Amino acid sequence: MKYEFSTIERKWQARWQEHNTFATGSEADKPKFYILDMFPYPSGTGLHVGHLEGYTASDITARYKRSCGYNVLHPMGWDAFGLPAEQFAIKTGTHPKTTTEHNIRSFKETLQAMGFSYDWSREINTTDPGYFKWTQWIFLQLYDRGLAYMSEVDVNWCEELKTVLANEEVEEKIAAGYTVMRRPLRQWVLKITAYAERLLADLDELEWPENVKQMQRNWIGRSEGTEIDFELRCHNRKLKVYTTRPDTLFGATYLVISPEHPLAEKLATAEQLVEVKNYISRAKLKTELERTGLQKEKTGVFSGSYAINPATGEPLPVWISDFVLTSYGTGAIMSVPAHDQRDWEFAKQYNLPVIEVIKSPHDVNEKVFEEKESICVNSSNSEVTLDGLSFSDAFDRMASWLERKKLGERKVNYKLRDWIFSRQRYWGEPIPIKHYEDGTLRTETNLPLVLPEVEAYHPSSTGESPLANIKHWLYGNDEHGSFRRETNTMPQWAGSCWYYLRFIDPDNREKLIDQEKEKYWMNVDLYIGGAEHAVLHLLYARFWHKVLFDIGVVSTREPFRKLFNQGMILGEDNEKMSKSRGNVIPADDVLKNYGADAVRLYEMFLGPLEQVKPWNTNGIEGVSRFLSKVWRLVYPLDKNAPDGEGTPSKLSSGAMSEELQRRMHKTIKKVGEDTENLKFNTAIAEMMVFVNELQKAGCNNREAVETLLLLVAPYAPHIAEELWEAIGYTSSISLQPFPAFNPELVEDSVLTIAVQVNGKLRGTFTAPAKSPKELLLEEAKKVESVIKFLEGKTIVREIVIVDKLVNFAVK
RNA sequence: GCCGAAGUGGCGGAAUUGGUAGACGCCCGGGACUUAAAAUCCCGUGUUCAGCAAUGGACGUACGGGUUCGAUUCCCGUCUUCGGCACCA
């Protein structure tokens, strides 16, 4: 009988569905395992082979864990709000809901055709009112705790298009000839900074790739420093700066404030005023990119005012420059050009003095010296001296002196900014807030607040979302008076911030999640997804999770115990898959040509899961051949039988050779360990070795074949089911336990021992395992190819590693 | 510039408490079966030198050093590629 993958795969997919084979169990007596994929945005372009990599890995793990006796939660859903469907709606008038539904259907078909063992009864969709009711509910919890607030935030505003642009759209529009400027707009902002310290500290307990944790640490960007007040001459004011190098205060020769600093214009003296005003308005026109962009030259303008260095009493000119960020620290810095690259460049450009206060190996007028591992010099006044101190001692002494004199205080700062949470879009969760005429805000109590139908999906000309045009939805009355609804919607991140919780209890109408269920299933034991979400998605989700922890909705401090990033799959040309390059391999194509089992195997056989690696459609032949070999162990090739006929051969019940037995137990061990550790490529290689040896030996021993099928089942479940049935079983192989190995049979009884002379391989011989050193030495000296390298030489040393090798050091 | 990861045959990759480099697979070459082909099976396949051949030698894990009886693995330096951040004071 021929191996017809398409018939078999359809048959088993239907049967799994019919029998609810992969429904999540509820028995709390079993250990649980929650394995989660980063759920997809159902785009119109469909899935390609790259998308399937992580899903295949998680499915193998889910099936493997089930066979190890775990109660497995393995769900899938759709992150379905988002820009592409809205843009398509603007172009064609198709409701985003229609587009989304259509795409979901297509995505789901592909995933089901892959034979993934998702519990589809738990499918969720972030655009479903039953789902986003709780997204809105979480927002209100944030709001009630002061973690959601409104603020004037600069956005990218395009006057011609009357719309707000996302950062990634800016460049494209400018290239198309539009002007884009920064303009403040009232926005909802989430106070993620209030959780900065916990988001940083709790990273330590997570089993995440070290680079992801490091990226999050850098993103949070904690630094310890000092805020210092500088007295302004001629003004009865102080200027506060933040520095991480108070040890260099004696070397500060000027101050710089950002153009948006509230004092910027006020500090301008009469003769400098025009120039200052010009500079400030020019800065406004610059986009974020132009201001922070690569390697740009520093610009600045002198305000005309001076401040006093509290350590030296010297007057310091105050400059205005856009290299100083408004939103970090105090928006003002003290410049120590001798020991900071940026300050040095600025000083050289505007001819400002450079004073060495950290002992430098070269002239600081020629080159900056930024190392901390040196001692302070030129740093004394009548009350305090830092001379001779190391960085940390000098830091402490200066900070203490400033604090004692009430001139400053120690301060911890973070690069992390609060999260701008509103979008001027239609296709997102409405923010459930009502604005009353007297300016008060009230929360919408009747959730979910659903999207109204609209005529056109274009943004309104005021920069508000299309919702601002829907008058009947927009305005209303209640016992508090008449109100206008919030027209902003939530960003796409919102729905994905907590979806892993809803999978645990998807149909709960009373609560976000049942507490007992939450306690049983959390944390997510393994979260698999792309590295592109290393920072934002994972940080936002951790933030919401911590808030939910604080209000008692969840019982764990962190959502995802273990994280794994699968490496991207490149096109056959070694480039990132993209429509424009034309190198996309659509999932449906390879599925049709090779079948789900082969695609699953090949996705994993390509290389280590975490690695970036190119796709090569030719390579599928290899795993296809492997599957045929497995098939023929049960249905041997019979030239006389016409296709479509033939019966499974009778499996032999006699004993296997000892060699094959050892091979089998080694394979069980290796495949089990590798699967556990997500090293699927080597597990598959090991199964190939086993099959090759069975085939070579002409062995169709029942125990060997059954074991093989059980090992193959998590990887290529359809063929495993079909053959399992063919050899006489009536219950699904997916419900069978993973085979166990005999520890005594995983080691070879006879080993090949290498013989080296001066570290070079000169021959080998075989010896029983655990042979004594003396015997190995004796044998090694008898090996013919070795003898000639020993002749006429003196053996100075003999090294014997039992079961491995003998090495003679000769002279 | 800073942080992180990685460089192994024609290709994807395997092997690291230091112990026979190249498992497994693709491609390619040769053979068997076949009227023929497909499928399948068998053999070969890092480079290079010597030899008719069996075979034997040298070199070889980005590059240059070092430690060691022995290094893909450990140490020092250099180069390259990829990912992230990018004036955060």
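Chain identifiers are assigned alphabetically (A, B, ...) following the order of the sequence lines, protein sequences preceding nucleic acid strands; residue numbering begins at 1 within each chain. A quick note: this is a predicted structure, and the numbers were derived from the prediction, not measured.
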So what does [X] touch, heavy atoms closer than 4.0 Å: a base, only the sugar-phosphate, or nothing?
X	answer
Phe690(A)	nothing
Gln341(A)	nothing
Pro608(A)	sugar-phosphate
Arg222(A)	nothing
Lys670(A)	nothing
Lys613(A)	sugar-phosphate

Under a 3.5 Å limit for both distances, which nucleotide forms a Watson-Crick or G-U wobble pair with [N], could you say?
N	result
rC85(B)	rG1(B)
rU40(B)	rA32(B)
rC11(B)	rG25(B)
rU20(B)	none
rU80(B)	rA6(B)
rU48(B)	rG57(B)

**Prompt:** When you measure from the side chain of Leu325(A), which nucleotide among rG57(B), rA89(B), rC85(B) comes out closest?
**Reply:**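 The answer is rA89(B).
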
Exercise for review: Go through rA89(B), rG13(B), rG57(B) for me and flag the one nearest to the Ile333(A) side chain.
Suggested key: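 Looking only at side-chain atoms, Ile333(A) lies closest to rA89(B).
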
- Query: Does the side chain of Ser321(A) come within less than 4.5 Å of Phe346(A)'s, by heavy atoms?
  - Reply: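 Yes, close enough: below the 4.5 Å cut-off.
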
Q | Close side-chain approach of Val412(A) and Ser223(A), heavy atoms under 4.5 Å | A |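 They are not in side-chain contact.
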
Over how many whole Å does the gap from [X] atom [atom1] to [N] atom [atom2] extend?
X	N	atom1	atom2	result
Gln214(A)	rG4(B)	CD	C1'	8 Å
Lys760(A)	rU68(B)	NZ	P	18 Å
Asn758(A)	rC69(B)	CG	C1'	7 Å
Tyr414(A)	rA89(B)	OH	P	13 Å
Leu249(A)	rA89(B)	CG	C1'	14 Å
Asp322(A)	rA86(B)	CG	P	17 Å
Lys696(A)	rU40(B)	NZ	C1'	15 Å
Gln695(A)	rC42(B)	CD	P	6 Å

Readout for nucleotides 19-28 of chain B: B = base within 4.0 Å of protein heavy atom, S = sugar-phosphate only, - = neither; 5' to 3' it is BB--BBSSS-

**Request:** Would you kindly compare Asp343(A) and Met215(A) by the position of their nearest RNA chain B nucleotide and give the one closer to the 5′ end?
**Result:**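 Result of the comparison: Met215(A).
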
May I ask you to say whether [X] pairs ionically with [Y], meaning some side-chain N is under 4.0 Å from a carboxylate O?
X	Y	result
Glu693(A)	Lys696(A)	no
Glu610(A)	Lys679(A)	no
Asp748(A)	Lys666(A)	yes
Asp343(A)	Lys298(A)	no
Lys770(A)	Glu747(A)	no
Lys240(A)	Glu409(A)	no

Using the purine O4'-C1'-N9-C4 or pyrimidine O4'-C1'-N1-C2 torsion, is rG9(B) syn (within 90° of 0) or anti?
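rG9(B): syn glycosidic orientation.
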
